[in-house]
Every structure is written in structure tokens, then in C-alpha cells.
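Remember, predicted model here, so these are calculated numbers, not experimental data. Every chain is numbered from 1, with letters handed out A, B, ... down the list of sequences.
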Amino acid sequence: MLSTGRCGRSKLVMASRIPARDLVKNKGLLSDDVVAIRTGGRVVDLHTPVDENATFEVIRATDKDGIQVIRHSTAHVMADAVQRLFPGTKVTIGPAIEDGFYYDFDKPGPGFTEEDLAKIERTMLDVIAKDTPFRREVVSRNEALALFEKMGETFKVEIIKAIPEGEEISLYRHGTPGKDEWVDVCEGPHVPSTGFLRAVKLTSVAGAYWRGDERNPMLQRIYGTAFPSKEALEEHLRLIEEAKQRDHRKLGKELDLFFFDQVAPAMPFFLPRGAFVYNRLVQYLRDLYVEYGYEEVITPQAFDPKLFRTSGHLGNYNENMYRLWTEDLLEAPAGEKGERKEPFDLGKHLQATSFALKPMNCPSHCVIFGSRKRSYRELPWRVADFGRLHRYERGGVVHGLSRVRTFCQDDAHIFCTQEQVPEEIARFLKMFYAVYKAFSLEKIDIRLATRPEKRIGSDELWDMSEKALREGLEQANLPFEIAPGEGAFYGPKLEFHVQDALKRSWQLGTMQYDPNLPERFDLKYTGEDGKEHRPVMLHRAVLGTIERFLSVYLEHCGGNFPTWLAPTQAIVLTVSEKSEEYGRSVLEELRSKGIRAEADFSADKLGAKIRNARVFRHPYMLVVGPKDAEAGTVSVRSRDAGDLGAMPRAELVARILAESEPPR
RNA sequence: GCUGGCGUAGCUCAAUCGGUAGAGCACCGGUUUUGUAAACCGGCAGUUAGGGGUUCAAGUCCCCUCGCUAGCUCCA
């Protein structure tokens with residue numbers, strides 16, 4: 001079930017086929033760590049019959065594909081253990097995933113508990129200890145259906161029925177035949193025997209919909225992971241622990257950056273230190289906007305719902321919009337001659353009239369564009385907006401700063417001609433890469449998301465828009481992948497997937513091609529030919545939202561903001577209260593030079609002050625005592641470089657100022 | 001929204017079977033005057049998220065609401 005590979009020619013060439021194991025053995029390549037081979041473009045395990053003359057390469061337990069084989073095999077062992085411990089539980093699917101595997105179960109009664117996981121894990125270890133081989137068997141569709149119908153495995157029956165006619169159906173068994181054998185319909189591949197599974201761990205349990213559709217019944221999903229060795233598993237668990245330590249919600253509290261309160265669910269309160277970082281990010285972008293030719297506007301917060309009816313958002317995204325009512329809306333408007341045919345429906349009336357908090361900036365920018373006659377000479381017009389947006393996100397999806405109900409995008413729209421699109425994309429990409437380099441986020445994968453099934457606009461229009469984005473990428477000479485059907489309903493988009501220090505990938509910035517809004521707002525410019533033309537609109541954001549970017553960046557840098565972004569760049573620590581006067585003069589000098597400095601003049605011992613300062617991860621700690629006062633120095637301890645020794649005050653000031661601008 | 005889990009002082013966490021709500025940090029006061037990762041003493045701090053119920057007795061058991069959380073679904 002790893003993938004839906006094809007194997008339609010098995011009947012014709014049976015005579016010359018041998019198990020992959022024999023093929024590997026014949027070539028003298030069989031060793032303990034071989035779990036599968038790659039041949040004819042697919043991965044098959046050692047149980048699978050292959051052409052005896054096939055060319056192949058071996059896949060070892062430590063190879064990427066080998067680990068997938070191990071994980072999927074572990075999923076089988078887990079399902080075996082679950083069905084043994086919880087009779088009546090039905091199996092569904094159990095694929096290998098990025099960090100491990102899962103298996104979805106239909107369990108009668110209550111779900112699995114943490115204690116259940118421990119029990120299941122122990123039973124799995126028993127199965128592994130018995131080291132029985134995985135056995136592969138090819139059966140007919142009817143044999144497979146009969147077997148799983150008899151077992152009452154209704155989900156498996158559904159899966160078998162969905163396998164296309166003519167495709168080979170294989171079963172995999174492990175355990176002792178006639179005794180404790182376990183069978184699953186499965187395409188493989190699997191490891192040779194259960195004993196190959198040396199390092200397994202169940203991690204969590206959660207609900208998941210059958211076939212990923214929320215209209216379907218919810219199943220119980222158990223997540224686990226497996227590695228070729230105990231050491232690799234431990235390293236993985238260590239990384240998870242590290243990620244927990246860097247969780248931006250934890251760092252936000254520790255560093256006094258932001259917090260949440262029940263009075264405004266999923267809406268962050270930025271404290272002074274967090275607000276500084278937030279504003280510094282915005283300032284950074286504003287500076288780049290000067291360089292890249294953007295103009296910033298400020299637009300209203302709340303709008304007559306007519307605006308969103310024009311844009312098409314009302315109706316489609318009604319349930320995600322915050323609406324405002326005012327006292328006067330609660331009364332029925334006076335009808336014509338005081339007579340009304342239908343009773344007053346307050347709900348409908350409010351829906352029609354109450355203002356909406358803007359969930360995006362684009363409609364306002366269309367209003368601005370359309371507010372007067374425009375010339376082709378004005379294009380491309382790049383209009384930026386740091387407006388506050390609100391979206392009522394469903395309860396289960398909000399998460400720290402990464403998914404909130406009020407946020408700010410580093411939003412801009414580019415109104416231009418069709419011909420200008422590739423050039424604009426290239427220009428955006430240049431800025432995008434400059435920004436991410438400045439944050440040392442340098443591994444970026446680009447995906448071109450193309451037309452989805454549910455969409456508006458003609459195929460010709462989509463052909464043109466997708467071509468424009470593609471040409472932009474090609475012009476910038478950047479590699480990209482296609483994400484078929486992943487585009488927005490109104491146009492294709494570029495997604496930027498950014499990898500952080502812990503090798504996790506995040507989608508942050510975006511660029512979207514939108515031929516829809518200019519149409520709906522009937523936007524026009526006068527061309528060189530004196531005639532009216534429809535402009536094209538590009539939506540784009542570099543960071544995405546400030547909030548989400550901050551969550552990713554916090555975890556990326558572990559709270560160690562670079563000097564240019566740190567809310568406090570240096571903290572003065574006096575050795576004793578006797579040095580307060582000198583410390584104060586250092587503090588004032590730094591501040592007078594525009595350095596963000598603080599001081600700890602408390603009666604704590606120096607060790608305690610250093611410890612406190614380290615918790616806040618200030619880039620510089622400046623120890624001052626009688627010796628420094630005497631020499632006019634500060635003893636500098638750098639967060640990143642350690643003890644730098646005594647330094648003249650002017651030298652320190654120069655050093656910090658040199659680090660106070662973002663890298664370019 | 002769905003399936004689980006959780007909610008105790010500003011923070012991190014205790015509280016046995018349903019039997020007097022407690023500790024460290026932070027904060028406030030005092031002692032100490034310190035040279036590179038936590039000095040010492042004392043004090044303040046709680047409608048145990050909110051509401052209802054069971055019970056002689058509820059932080060603990062049951063129900064509802066709110067919030068958080070792991071996933072699922074969603075993300076214009």
C-alpha cells in the first residue's frame with residue numbers, strides 16, 4: 001500500500017521470474033542489511049518475483065527507501081498487535097510517512113489510551129522477537145474479497161474493490177501459520193522478517209477521517225516511528241525534544257514576547273519586546289519596498305458587505321468573516337409606506353447590512369485602483385499594505401502564532417499588463433531570496449500550484465496564467481515542482497516551502513496570479529492606443545504573515561535574534577551596587593548612540609545576573625566593575641562568541657552599530 | 001467543526017482511595033557588596049477556567065459552556 005505501482009505483465013513472463021532475494025544472492029550482493037531492491041523504476045522487496053535478468057540496485061536498511069520499507073513493515077506489526085489486544089478492531093490503511101508511519105483502525109467503543117500504546121508496543125516487541133518472515137502471496141480479486149469478507153474486514157473489502165481490474169493483488173503475512181499468523185492485503189514492499197525491525201516506538205494516537213474526508217466516520221489513528229538502529233531512533237527522539245524546547249509558544253513566554261488570553265481567543269497580545277521584533281520586521285520590509293518600487297497605502301478596517309459581494313468572498317467565505325453590528329441595525333428599516341410583506345428577519349437583515357472586518361486587503365486595493373482613471377504609464381503599480389486582517393478560523397485549527405484570527409500580512413498587489421508579469425515575478429523572486437538569505441533560511445523549494453477542479457475562469461485564461469508564472473520562474477532560472485490542482489480557485493500560485501534549522505518545512509511566502517478580481521471590479525487602464533484595457537493583478541507576500549513568520553523564525557533561531565532584530569542588543573551588568581554609577585554612564589552612552597540597551601543594577605550576584613540575561617538571549621552582556629570604571633572599558637560577553645574580554649567603550653559601540661542593520 | 005487529552009498562584013508543577021490547596025521561580029521587604037550560569041531570611045500571592053449536579057465532604061466523580069492541546073478536515 002506504499003504506492004499504487006503497476007504490475008500488469010506478470011502472467012506472460014512467469015517462467016523467467018525468480019524472487020528478488022535469489023536475484024540479489026546470485027549476484028553475490030545479499031547481506032544482512034538489504035531490505036529491498038529498485039528495479040524497473042520501482043522498489044520491490046526480496047519476496048517479490050522479478051525477471052531473472054533484471055538490472056537492479058540494492059536498497060539497504062539505512063537508505064531513504066529502506067527506512068520507508070522498515071516503517072511500513074512496522075505498521076503491519078502494529079496492526080497485528082492491535083488486533084490481538086483489541087478483538088473486533090478493524091484495520092484500514094497503514095502507510096509510511098515523513099517521520100514514521102501510522103495505521104488507522106476502526107475500534108468499537110472508546111479510543112486508544114496512552115496505556116494502550118505501551119501495551120501495543122510490548123506486544124509488537126514480542127512479534128519482532130519471534131522473527132518470522134514476511135510472506136508474499138499473489139491472489140485473485142475474488143480470493144482476496146472472500147478472505148477479508150470472511151474476516152469481517154469491511155474497510156479492506158472496500159479497498160480491494162477499488163483496486164483497478166488487471167492489477168496484481170498481493171497479500172503479506174507474518175507470524176506462524178496456523179498459530180498467530182497475521183495477514184493484510186498490501187502491495188509491499190516489506191522487510192525479509194519481523195526481526196529486521198530493531199528500533200520501533202509508538203508516538204501518539206489521534207482521530208482521523210476514513211479516506212481523509214470529514215463526512216466519513218472518524219477512525220483511530222496510531223502514529224509510530226521506526227529506524228534501522230536504536231541510535232537513529234534516539235537521535236530522532238532527541239530532535240523532537242529539541243523542537244519542543246524551541247516551540248515558539250514556549251519561547252514567546254520565556255522571552256516576554258507575546259501571550260494569549262481567553263478574552264481574545266487565538267489573537268496574540270504582543271508585549272513590548274515582541275512588539276519591537278514585530279515592528280522591526282515591518283520596518284525591514286518597508287526599507288526594501290523603497291528599493292523595489294512599492295508604494296504603501298493604509299486602508300479601512302471594516303467594510304460594507306457589498307465590497308465582499310463584489311469581490312466574491314462573501315458567500316464563499318462567509319463563515320470565516322467577522323461581522324459588526326451597530327444598534328441601529330437591530331431595528332427593522334421603515335418599509336415602503338410602512339407596510340412590509342414579510343416579518344422582519346434580524347439574522348438576514350444583519351447578514352445583508354452589517355459591516356465586515358476585512359479578511360484580506362485585495363478588495364481595498366482594487367477600490368483604490370478604480371478610484372480614478374489610470375494610464376499604462378503607471379504600470380506596473382505595486383501597492384503594499386500592512387493592514388490588520390481578521391479571519392474567524394475554526395476552533396481546532398488555531399495554533400500559537402502560526403495560525404491566528406488576527407494578523408498582518410506583508411501584503412502587496414501588483415497591477416500590471418499581461419506582458420509585464422514575468423518581469424514582475426522575477427523582481428519579486430529577487431526580493432524574496434534576499435529576505436530569506438537575511439534570515440539564514442536558505443533552503444527553499446518552489447512549487448507551481450496549477451488549476452484546481454473547482455475553479456472559475458476559462459481554460460484559455462488558466463493556460464495563460466500558468467504560463468506566465470512558469471515563465472517568471474524560468475526567467476529567474478529557478479528550479480520548481482508542479483503541484484497539480486493545488487492552485488486557488490481564481491488563479492495559479494507559487495508556493496515557497498522554506499526549511500528551518502530543524503529540517504522542518506513551512507509554507508510562508510506566496511505569489512498568486514489573479515485575473516478574477518480586476519474583472520469583478522471592472523478595473524481598466526488607458527493604453528498607449530488610447531483604448532481601455534484590463535490590468536492583471538498579482539497577490540504577493542514575502543514573509544506571509546508577520547505572526548506566522550515570527551513563529552517559524554523563533555523556532556529557527558531558537559530565540560537567539562541577531563543583533564539587528566533583538567529587542568535588547570546589550571545589557572549592562574554591574575559586579576556590585578558600587579559600580580552602578582559607572583554602569584549608568586555606559587547605559588546612557590549606548591542609548592545615546594541608538595543602541596537598545598538595558599541594565600541590571602540589582603543586588604544579585606554577577607552569576608545570577610548573567611544567568612538571567614542568558615535566559616533572555618541578549619546578544620551582548622556587558623560586565624562592569626571597579627576595574628572597568630578605572631580603565632573606561634566594559635567586559636564583553638557575547639551570546640554567540642563567548643567572553644571577549646575588556647573592550648574600550650567606543651569599540652563596543654562600533655561593534656554593535658555594525659551589527660544593527662539587516663544583512664544585505 | 002470532528003476524535004482524544006488537558007485546565008490548580010504571574011510562570012513551572014505537587015496534592016495517595018473523594019477527607020485541612022502546597023513547593024520552586026517571579027514579585028515585595030530586609031540582610032549581603034559580590035568579576036562571568038541561581039547568596040540568605042521573611043512576606044504577598046488561589047472563587048482549583050466558569051456554571052450546574054452527586055455526596056456528610058469535590059481540585060479529584062457526572063453534565064454543560066469556555067479555553068488550550070495532539071491529530072483529522074480546512075486555510076480565500
Does the side chain of S364(A) pick up a donor-acceptor pair with the side chain of D385(A) at under 3.5 Å?
no
With heavy atoms under 4.0 Å as the rule, sort G212(A) into base, sugar-phosphate or nothing.
sugar-phosphate
With a 3.5 Å cut-off and no angle check, do the side chains of E153(A) and Q83(A) form a donor-acceptor pair?
yes
For G544(A), report the nucleic acid contact type (base, sugar-phosphate, nothing); a contact means any heavy atom under 4.0 Å.
nothing
Could you check whether A603(A) gets within reach of a base, just the sugar-phosphate, or nothing at all, counting any heavy atom under 4.0 Å?
base
Gap in Å between the two P atoms, one belonging to rA9(B) and one to rU47(B), rounded:
9 Å
Look at the rings of F105(A) and Y103(A) and say which category their plane angle falls in: under 30° parallel, 30 to 60° tilted, over 60° perpendicular.
parallel
Polar contact flag, side-chain donor to acceptor under 3.5 angstrom, T225(A)-D99(A):
no
Can you check the distance between rU65(B) and rA70(B), where both ends of the measurement are the C1' atom (answer in whole Å)?
22 Å
Can you label the angle between the H413(A) ring and the F415(A) ring as parallel, tilted or perpendicular, going by 30° and 60°?
tilted
Taking atom C1' in both rG50(B) and rU36(B), what distance in whole Å separates the two?
49 Å
Which residues, if any, of residues 625-633 of chain A bring a heavy atom under 4.0 Å of RNA chain B?
G625(A), P626(A), K627(A), D628(A)
Need to verify one output field. Residue with the more 5' nearest nucleotide on RNA chain B, N320(A) or Y223(A)?
Y223(A)
Only counting residues at least two apart or in another chain, list the ones meeting side-chain hydrogen bond (donor to acceptor under 3.5 Å, both in side chains) with R451(A).
D463(A), E466(A)
Pull out every residue in residues 252-264 of chain A that has a heavy atom closer than 4.0 Å to any atom of RNA chain B, ordered by number, or say none.
K253(A), Q262(A)
If you look at every strand shown and take non-hydrogen atoms under 4.0 Å, does S635(A) touch a base, only sugar-phosphate, or nothing?
base
With heavy atoms under 4.0 Å as the rule, sort R405(A) into base, sugar-phosphate or nothing.
nothing
Heavy atoms of P452(A) and F489(A) approach each other most closely as CG-CA, 4.2 Å
Compute whether any side-chain donor of one residue and acceptor of the other, for R211(A) and Y209(A), lie under 3.5 angstrom apart.
no
Would you list the pairs meeting salt bridge (Lys or Arg N to Asp or Glu O under 4.0 Å) in which at least one residue belongs to residues 250-273 of chain A, sequence neighbours left out?
K250(A)-E254(A), E254(A)-R617(A), R273(A)-E598(A)
Within residues 640-647 of chain A, residues whose heavy atoms come under 4.0 Å of RNA chain B:
none
Write down the distance separating the P atoms in rU60(B) and rA21(B), rounded off to the nearest Å.
13 Å
Could you give the distance separating rG53(B) and rC72(B) at their P atoms, to the nearest angstrom?
40 Å
Between K627(A) and S635(A), is there a side-chain donor-acceptor contact under 3.5 Å, judged purely by atom types and distance?
no
Identify whether any heavy atom of E393(A) sits under 4.0 Å from a base atom; if not, whether one sits that close to sugar-phosphate; answer base, sugar-phosphate or nothing.
nothing
Listing request: all salt bridge (Lys or Arg N to Asp or Glu O under 4.0 Å) pairs with a residue in residues 634-648 of chain A, at least two apart in sequence or in separate chains.
none
Determine the Euclidean distance between corresponding C1' atoms of rG35(B) and rG24(B); express it in Å to zero decimal places.
28 Å
Against M537(A), only a single residue in P515(A), C366(A), C416(A) fulfils side chain to side chain contact (heavy atoms under 4.5 Å, CB included); can you say which?
C366(A)
Give one of base, sugar-phosphate or nothing for R215(A), where a contact means two heavy atoms less than 4.0 Å apart.
nothing
Remember a base hit wins even if backbone is also touched, and classify V205(A) as base, sugar-phosphate or nothing at under 4.0 Å, heavy atoms.
nothing
Starting at the 5' end of RNA chain B and moving along, which residue's nearest nucleotide shows up first, A266(A) or R394(A)?
A266(A)
side-chain hydrogen bond (donor to acceptor under 3.5 Å, both in side chains) partners of N516(A), counting only residues at least two apart
none
Sequence neighbours left out, what passes side-chain hydrogen bond (donor to acceptor under 3.5 Å, both in side chains) with R540(A)? Give chain and number order.
Y289(A), Y294(A)
For rG19(B) versus rA57(B), give the span between their C1' atoms, rounded off to a whole number of Å.
7 Å
Tell me whether the rings of F269(A) and F259(A) are parallel (<30°), tilted (30 to 60°) or perpendicular (>60°).
parallel
Euclidean distance for C1', rU48(B) against rG4(B) (whole angstrom)
23 Å
State yes or no: are the ring centers of Y490(A) and H313(A) separated by less than 6.0 Å?
no
Please map the stems of RNA chain B, keeping only stretches of three or more Watson-Crick or G-U wobble pairs with both distances under 3.5 angstrom.
B:1-7 with B:66-72, B:10-13 with B:22-25, B:27-31 with B:39-43, B:49-53 with B:61-65
With syn meaning chi within 90° of zero and anything else anti, the base of rC17(B) is syn
At a 4.0 Å cut-off to heavy atoms of chain A, the contacted part of RNA chain B spans rG1(B) to rA76(B)
Could you check whether V398(A) gets within reach of a base, just the sugar-phosphate, or nothing at all, counting any heavy atom under 4.0 Å?
sugar-phosphate
Just to be sure I understand the rule, does R637(A) reach a base, reach only the sugar-phosphate, or reach nothing, if contact means heavy atoms closer than 4.0 Å?
base
Can you list, pair by pair, the side-chain donor-acceptor contacts under 3.5 Å of residues 618-626 of chain A, counting residues two or more places apart and other chains?
from, atom 1, to, atom 2, distance (Å)
Y620(A), OH, R655(A), NE, 2.9
Y620(A), OH, E659(A), OE1, 3.2
Y620(A), OH, E659(A), OE2, 2.8

Residues that S204(A) engages under side-chain hydrogen bond (donor to acceptor under 3.5 Å, both in side chains), provided they are two or more places apart:
none
What contact category does Y102(A) fall into here, base, sugar-phosphate, or nothing, at under 4.0 angstrom with non-hydrogen atoms?
nothing
